[in-house]
Amino acid sequence: MDSVMDSVTNSTIKADTEMPIVFDLAQTPLREVNRFLHQEISQHNGKSIRILNPDGAHNIAVGVDHEVNIEIAGHTGYYAAGMNQLANVMILGNAGPGVAENMMSGCVQVKGFASVSAGASAQGGLLIIEGNAGLRCGISLKGGDIVVGGSVGSFSAFMAQAGRIVICGDAGDALGDSLYEAVIYVRGKIKSLGADAQIEPMTDADYQTVTELLAQANFPYSSKEFRRVASAKQLYHWNADDNQEY
Amino acid sequence: MWHCWTFDQNPALRSSLGELAVPMLIGMSERGPDSAGLAVFTETLAPAYRKYSLHAGSPEFDWKTLVETLRTHLQPQLNLESHGNHAILTVDLLPDQLKPWLKAHYPHLHLLSSGRTIDLYKETGKPAEVAARYNFRSFQGTHVVGHTRMATESAVTPAHAHPFTAGEDFCLVHNGSLSNPYEIRRKLEPRGIQFETDNDTEAACRFLEWRMREGDDLETAIRQGFEELDGFYTFLMGTSDKLALVRDAFACKPAIVAETDDYVAISSEFRSLAHLPDVKNAHLYEPAPEEMYVWTV
């Protein structure tokens, strides 16, 4: 997983030497843009894509399966870069609900804030949110990595199964409720932990992980400032003797 | 159910309030294709006068006869502007005087709103059609509260469309669904509060208006609402001089706020704000769950 990320993340920030292919969503239907990204992009290797006037449209650059740099010049609506594979998607604005949901690989970066359910169920790749993330960030995360420059809302990492979430700001209520094997690193305050989530000591491996992810996201913090939140694994097995009050 | 509105702090923008608000409303058509409604808050009438927004079932409704009958019966000062099945009656009669008369003589006429500043329009149909029918673009005022509806829990009729109103100069639009509207009703009905529909939003609207009538200010009433209203909601409320926005603790229903020096605009999604002047430099944020956002005109 690390090697894949190393190869893709830095290129999102790199300026393109070639002229990009430009789509203006004020002129071109989104369906046409996404069709190009699905079917024709492989004929334009090395070209980057620039999408103008997104104006909060839904489903921009969903389902891309190609190594390509895509820059979206504005705010996106629901599910931007959902199901992303290989592509590096840069959103130069805020992202609506479900940005990079179900991402498989590649990198999605949001310059502004991300709405609810950012990176939901992502199986791989890296989601970087420079601003805050809304509620349920990284819900059901399945192996992707998320780095949030600001704070995350309540119920983040709910039932997250695998992957890492680095939160440079604060976390809202019920962080990591019913976590499986995903690990959360928090720099700021945690309003409350969810059921079965606990703060654990940082190991050398944790410090290294956080340092690497912060470097990939280009955030200037030290891994020493972070705490580790992981599952206490008390909910892994049914306990018939419990009082069954959840 | 979804909402949108603008609120102009710049007097120059007040004359183009409708022009700004209509693209917001139409921009949310995908989220609410069934019905649309708009409340516009205009200049305040003298204390003895009220405006009543009326909705008749049919565009052939005989407004002229209504005016003549009302003149004969109650001899009021009145003006009526009709627009097909909709009319705004401006008259020197208080709700206590007009409502019983309407009920006795025009029981099928639906009173959409009453107050000294609010005009209200709502109708089934696509938002663009509703906006065109009543020429929403021409509306002027300090603030509007609009809504496009996708019905999830009660019938698609003009009465079930939003905004809902209760009392005077108060309206509410709702995105979400309440899980205890009947509990709220059972609490309010024994106090003489009458409901017009079986819609969940009406319960919230009447609950908050009841709290304010009991002496709460808007903020206190909303705080009471956090305690008593259960379910999913993003509410947007308008009074003659305030706008208020709240989301429930789980904040499942979206909202985004754009603030500039000239206006505040709120919508379910940014895409219906993208046309607003200077929105690219606006302060954009999503309201936090169970936080109260109140703006004063």
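Chain letters run A, B, ... following the sequence lines, proteins first, then strands; residues in each count from 1.
Both the backbone and the side chain of B:L284 come within contact range of chain A, judged by heavy atoms closer than 4.5 Å. If you measure heavy-atom distances from B:A288 to chain A, you find no contacts under 4.5 Å at all. Of the atoms belonging to A:N94, it is side-chain heavy atoms, and not backbone ones, that fall under 4.5 Å from chain B.
Residues forming a side chain to side chain donor-acceptor pair (under 3.5 Å) with B:R137 (at least two apart in sequence, or on another chain): B:E19.
Ranked by heavy-atom pairs shorter than 4.5 Å toward chain B, the options A:A57, A:G112, A:S115, A:G74 are led by A:S115. Counting heavy-atom pairs under 4.5 Å between each of A:V116, A:D55, A:N132, A:L135 and chain B puts A:D55 at the top.
Sorted by first then second residue, the salt bridge (charged side-chain N to carboxylate O under 4.0 Å, His left out) pairs that include residues 134-144 of chain A, not counting sequence neighbours, number zero.
Figure legend: cation-pi geometry between B:K242 and B:F170 absent, as NZ or CZ is not positioned both under 6.0 Å from the six-membered ring centre and within 45° of its axis.
Taking both residues in full, the closest heavy atoms of B:S267 and B:L273 are given as CB-CD2, 3.7 Å, listed atom of the first, atom of the second, then distance.
Between B:Y134 and B:F139, a ring centre-to-centre spacing not shorter than 6.0 Å is recorded.
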